[in-house]
Protein chains: 2
Amino acid sequence: MTAADTRQHIVQEADRLFYEQGFEATSLAHIAAAVQISRGNFYYHFRTKDEILDAVIIRRLDTTRAMLDRWQAEGGDALDRIFCFIDILVMNRAKIMAHGCPVGTLCGELAKLDHAAGSDAAQLFTLFRDWLAGQFAALGRRRDADALALHLLGRTQGVATLATAFRDETHIDREIADMRAWVRAQTA
Amino acid sequence: MTAADTRQHIVQEADRLFYEQGFEATSLAHIAAAVQISRGNFYYHFRTKDEILDAVIIRRLDTTRAMLDRWQAEGGDALDRIFCFIDILVMNRAKIMAHGCPVGTLCGELAKLDHAAGSDAAQLFTLFRDWLAGQFAALGRRRDADALALHLLGRTQGVATLATAFRDETHIDREIADMRAWVRAQTA
DNA sequence: GTCTATACCTCGATAGAC
DNA sequence: GTCTATCGAGGTATAGAC
C-alpha cells in the first residue's frame, strides 16, 4: 500500500462518515477503524482533523465537477441536463431521508461551528449554482439565469430537509414532479 | 432563586446555544457559564444532557404553539396569517444567515446523530405543517391543503439553507417576494 | 509507512461538603 | 440549592519503536 493509496482511502471513508454522522461527531478513531489503520498512522498522512476536512471538501468538489462535466458531455439539451440535477434527489432518496443533503448539511454544520472551512464547503453550492445558471441561460433566460438557479437549488434543499424530518416519500415524489413542471414552464 | 427559576434559565440558555452552536458542540460547561452556575449544580436540575434537549424541544413546542395561537387570534384572514409565517424569514434574517433555521438544523443534526429525540424535534415541523394546512383549507384548498403546506414549509427551509451558505440578502428578498406571490396565486 | 504507547485535554456525570 | 473536587471515557495529537 503506497502512501497515496492510504491517504485516498482515509479521505474516502472520512467523506462517507462526515456525511452520515457529521464532521464533529466523527472521531479519528471512527475513520481509522473504517480504513483499518491505527490512529497513530493517521498522522503520517494528515497533521490535523481539519486537514482531512479540507481534503474531503476538495474531493467533493472534484467529483461534483466531474459529474457536471459528464452531464454536459452526454449530448442532451439544457432541459435534459437540469432534469439530471433534479434526479439526484430520486437516486439518493434513501440516503437523503437518513442524512440530508451532503452539501446543505455540511455547510450548516460548519456555520454553527463557525469553522473556517465553511466558505470552502459553500463552493460546492456555487458549483451547482453556476452550472444551473448556465443551463437556464442556454434555455434563453440569460437575464435571470442566476435567480432561477438559486431558486431550483433552494427547492432541492427544502425537499431534502423535510425528507429527513418527515421521511414522507409521497411528499418527495410530489415536490420532484412539481419542480420538473416548474422547470418546463420556465422555457415555454 | 427558586429551583424552577434556575431550571428555566438553564433551558433558555441551552435553547440559544443549541441553536447557535448545535447540540453536540454545546457542552454543559458552556451552558453553565451562560447561566452562571457551576457544572455540578446542573445535575440538581437535570440528570443528563439529553434531558435538557428534551426540555428545550418542549420549550420550543410551547413557544411555537403560542405564536401560532397569537396569529390565529389577531383577526386577519388566512392570507394574512400565512404572510405572518413567511415574515419569520424577514424578522430573523440575520440569525438565519448565521445559524440557519432552528427547526431544520436541529432535525438535521439529530438525524445524523441518530438521536432518539429526532422525532420529537420533527414535531416542531408538524406544528407548522398542520397550522399552514389549516390556513390553506380556509382559503378553499381543503383537498390539497397539506401538500401546499409542505411545499411552503420546504421553500422556507431551502431559503434558510442557502441563506446560511451564501449570505446573499438579494436572494432572500427575491425568494420571499416569490413565495408571497405564490401564496396569493393559490387563492386566486 | 505503520505500529504501540501515551500525553493532555474536555466531556458527561458523580460524591459529598456547605 | 449550590458549590468544589473528582472520576472514567473518549477526544486530538505526539513520540518513538519497528
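All chains are named by letter (A, B, ...) in the order of the sequence lines, taking the proteins before the strands, and each is independently numbered beginning at 1.
A:D80 is not listed as a side-chain neighbour of A:E74, based on a closest heavy-atom distance of 4.5 Å or more.
Taking the charged nitrogens against the carboxylate oxygens, A:D62 and A:R65 do have a contact shorter than 4.0 Å, which makes a salt bridge. A salt bridge does not link A:R60 to A:D120: none of the charged side-chain nitrogens sits closer than 4.0 Å to a carboxylate oxygen. Between A:E13 and A:R16, at least one side-chain N (NZ, or NE/NH1/NH2) sits under 4.0 Å from a carboxylate O, which counts as a salt bridge. Under a 4.0 Å N-O distance rule, the pair A:D173/A:R93 qualifies as a salt bridge.
Atom CD in B:Q36 sits about 10 Å away from atom P in D:dC3, given to the nearest Å. Taking atom OH on B:Y44 and atom P on D:dG1, their separation rounds to 3 Å, with Å as the unit. The separation between A:H9 atom NE2 and C:dG1 atom C1' is 16 Å, rounded to whole Å.
B:D144 CG: more than 12 foreign heavy atoms inside a 6.0 Å radius.
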Please encode protein proximity along nucleotides 4-18 of chain C as a string of B, S and -, counting only heavy-atom distances under 4.0 Å. B------SSBB----

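Ring pair B:F136/B:W182 is perpendicular by interplanar angle, where above 60° counts as perpendicular and below 30° as parallel.
Within residues 109-118 of chain B, no residue has any heavy atom under 4.0 Å from DNA chain C.
Annotation: side chain to side chain donor-acceptor pair (under 3.5 Å) contacts involving residues 153-165 of chain A, sequence neighbours excluded, comprise A:R155-A:D178.
Here the side chain of B:H45 is nearest to one of C:dG1, D:dT2, C:dC3, namely D:dT2.
Phosphate proximity of C:dT2 to A:T6: present, with a side-chain N or O under 4.0 Å from OP1 or OP2.
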